[in-house]
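One structure, pasted below without further comment.
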Amino acid sequence: MDAKTGTDGKTGTLKIGNKNYELPQYEGTVGPDVVDISRLYDEAGLFTYDPGFTSTASCESKITFIDGDEGILLYRGYPIEQLAEHGDFLETCYLLLYGELPTVAEKLDFDRTVTRHTMIHEQMARFYQGFRRDAHPMAVMVGCVGALSSFYHDSADIGDPRQRMIASFRLIAKMPTIAAMAYKYTIGQPFMYPKNDLAYASNFLRMCFGVPCEDYEVNPVLARAMDRIFILHADHEQNASTSTVRLAGSSAANPFACIAAGIACLWGPAHGGANEAALKMLVEIGKPERIPEYVRRAKDKNDPFRLMGFGHRVYRNYDPRAKIMQTTCHKVLAETGAKDDLFEVALELERIALHDEYFIEKQLYPNIDFYSGITLKAMGFPTTMFTVLFALARTVGWIAQWKEMIEDPSQKIGRPRQLYTGATYRDYIPIDRRM
Ligand code: CMC
């Protein structure tokens, strides 16, 4: 039996030219089998070529499973719908980190441990002063999370399981504090210290929207919505930022630096930055009458415009997170009383796109970012904070994946190869003889 889950001695045959190569095939618990090509270069002198990793499993993992055709997302086997409906974010964190849902005692202990790590080193506050007031908070996040490595040396030894766990608690606990400070800095308000008798999401809302001179009353509907948004974003298997964290970690870099790398990758508009881009697009569309114009542009091959919040590399069906997000959005709008025309524009855009031949044929459905922007806006967050909230929630996924990689005995540094199409060997020409 192979070390990987599943198949006993199953192989696939790959024919290249007139030669056959027997390649081991592994079976996951669900999802497609994989063919192990790791010895192909030794045996055939060939690399495989898969830009964008559309057909490549980069690792073995037990954390998150997506069936993109069916629109299924499971954390450790549990469907996202059930976790979002019945669980809370810290329970989800426990599940992702340890593999099982916690008992009451385990949950209490975990919540207490995370809560005790919510403060950041006082000197960290000075880092913020080095940024321009109008700096994008994601720029601040990349810098400040990376800077954690200079403060917490006692949890940066990745060979020590206890230190790995402490680093994980620290990152989950401190991200809301760092994120809220990034927000407060841009609006010129004093930083709010965490308040540890509040639950994770409530504490975050207070650090963002509270001020030292007044009591902050947590709105339970908004706190629940925030918590649910965190659950929905907690992990998503081997996406670009998670793969970045794994690749950075494969060189044995410290966990804080690895998570900073993940934040940098998440920032792009094709990934986590899409929530900001989707809201900007809805604002630009402005009213339902203008939707056909934007749909036409999205379909035009000569126009780079894309409908932000639509499409996904893995989901060829409705993103299950988008459905929950739509319901959450509705609840938040009802609670805040925000009469948001953008929600109407979003609903209508979704309706039109779902019936349009182009979107049907290319299997482009709304993704999580389509409704998250409207929800976060109604909660009072500026657009620049949207991706920050994504990063905050995804930290647990990144750290769980990072831990899994470090604890995998077959782990080695990630080092892809390439198809080289540049100049072949040539001799150096002194500058005075160059044409
Ligand atoms: N609007 C219009 N056309 C689209 C869109 C879109 N949003 N997305 C894909 N297409 C078209 C694309 O032009 C291409 O057409 P053709 O086959 O004629 O060249 C086809 O659909 C396949 O697109 P692709 O770019 O090859 O697909 P991909 O799997 O590489 O890209 C994606 C996935 C998410 C980057 C892309 O759908 C996109 O840019 N969407 C908008 C940005 C967005 O909402 N991103 C958030 C993703 S979910 C949150 C997260 O995980 O970060």
Side-chain angles (χ1 to χ4, degrees), residues 50-56 63-69 71-73 75 80 138 229-245 262-285 291-326 346 349-350 352-376 383 386-398 401:
D50 182 19
F53 305 112
T54 52
S55 301
T56 298
I63 302 176
T64 293
F65 173 75
I66 302 172
D67 183 331
D69 295 327
I72 291 171
L73 169 61
Y75 294 164
I80 189 67
M138 279 300 274
I229 290 169
F230 291 159
I231 295 174
L232 296 181
H233 287 87
D235 196 43
H236 215 227
E237 54 120 304
Q238 309 311 320
N239 56 83
S241 57
T242 302
S243 300
T244 301
V245 170
I263 296 172
C265 177
L266 185 76
W267 193 357
H271 192 7
N275 51 16
E276 187 176 342
L279 191 89
K280 282 185 182 151
M281 177 194 75
L282 291 172
V283 171
E284 197 183 307
I285 296 176
I291 292 173
E293 176 195 335
Y294 283 82
V295 171
R296 197 166 47 248
R297 283 188 60 196
K299 289 167 18 179
D300 182 353
K301 277 244 160 279
N302 300 315
D303 189 330
F305 175 77
R306 283 185 169 200
L307 280 191
M308 299 313 285
F310 270 81
H312 198 275
R313 169 61 63 79
V314 182
Y315 293 119
R316 300 298 172 192
N317 200 325
Y318 212 103
D319 178 343
R321 304 167 302 171
K323 279 191 192 138
I324 308 168
M325 190 55 89
Q326 195 204 67
L349 178 58
E350 179 185 342
I352 293 179
L354 290 180
H355 290 90
D356 189 287
E357 209 35 62
Y358 173 93
F359 288 84
I360 295 169
E361 191 213 315
K362 295 192 186 302
Q363 298 173 302
L364 299 170
Y365 293 86
N367 59 50
I368 187 168
D369 293 320
F370 191 60
Y371 285 106
S372 62
I374 309 173
T375 317
L376 295 172
T383 44
F386 295 176
T387 316
V388 172
L389 302 185
F390 193 156
L392 186 170
R394 183 55 59 83
T395 294
V396 64
W398 289 330
Q401 301 266 354

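If you read the sequence from its start, that first residue is 1, and numbering goes on from there. Start at 1 and go down the list; that is how both ligands and their atoms are numbered.
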Please identify which atoms of ligand 1 are closer than 4.0 Å to at least one heavy atom of L364.
-> 3 (N), 4 (C), 5 (C), 8 (N), 9 (C), 10 (N)
Please identify each residue that fulfils side chain to side chain contact (heavy atoms under 4.5 Å, CB included) with Q238, with sequence neighbours left out.
-> S58, C59, S61, T242, S243, R246, Q401
On a heavy-atom basis, the closest approach of V295 and I352 is CG2-CG2, 4.2 Å
For A298, take its heavy atoms, then give the atoms of ligand 1 lying under 4.0 Å from any of them.
-> 2 (C)
Where ligand 1 meets A274 - atom numbers and elements under 4.0 angstrom, heavy-atom basis | 43 (C), 44 (O), 45 (N), 46 (C)
When the aromatic ring centroids of H236 and F390 are compared, is their separation below 6.0 Å?
-> no
Residue and atom name of the nearest protein heavy atom (relative to atom 34 (C) of ligand 1), distance in Å to one decimal | G311 O, 3.7 Å
Quick one: which of K301, M308, R321 has a heavy atom closest to atom 42 (C) of ligand 1?
-> M308
Identify the protein heavy atom lying closest to atom 48 (S) of ligand 1, giving its residue, its atom name and the separation to 0.1 Å.
-> H312 CD2, 3.4 Å
Atom 11 (C) of ligand 1: closest protein heavy atom, distance to 0.1 Å, is Y358 OH, 3.5 Å
Please write down residue, atom name and distance for the protein heavy atom closest to atom 40 (N) of ligand 1.
-> F310 O, 2.9 Å
Considering only the protein, which heavy-atom contact is closest to atom 47 (C) of ligand 1, and what is its distance?
-> N367 ND2, 3.7 Å
Please tell me if the side chains of Y318 and L354 come closer than 4.5 Å, counting only heavy atoms from C-beta onward.
-> yes
Ring centroid separation for Y365 and Y315, is it under 6.0 angstrom?
-> no
To the nearest 0.5 Å, tell me how far R394 CZ sits from S241 OG.
-> 5.5 Å
Considering heavy atoms of the protein only, find what lies nearest to atom 7 (N) of ligand 1 and give residue, atom and distance to 0.1 Å.
-> L307 O, 2.8 Å
Heavy-atom distance from atom 16 (P) of ligand 1 to the protein below 4.0 Å?
-> yes
Establish whether atom 27 (O) of ligand 1 and some protein heavy atom are separated by less than 4.0 angstrom.
-> no
G272 neighbourhood, listing ligand 1 atoms whose heavy-atom distance to it stays under 4.0 Å = 52 (O)
Is E276 salt-bridged to K280, cutoff N-O under 4.0 Å?
-> yes
Nitrogen or oxygen of F305 less than 3.5 angstrom from that of ligand 1 = no
May I ask you to check whether A270 has an N/O atom sitting below 3.5 Å from an N/O atom of ligand 1?
-> yes
Note: heavy atom closest to atom 23 (O) of ligand 1, options H271, K362, R306, R313, belongs to R306
Least distance between heavy atoms, T387 atom then G273 atom = OG1-CA, 3.5 Å
Given the options Y371, Y294, F359, F310 meets ring pair (Phe, Tyr, Trp, His ring centres under 6.0 Å) only with F359
Touching ligand 1 at all, D369? Heavy atoms, strictly under 4.0 Å?
-> yes
Correct closest heavy-atom pair for A391 and I263 would be CB-CG1, 4.3 Å
Atom CZ of F53 with >12 non-hydrogen neighbours under 6.0 angstrom | no
Which of the numbered atoms in ligand 1 are below 4.0 angstrom from a heavy atom of G309?
-> 43 (C), 44 (O)
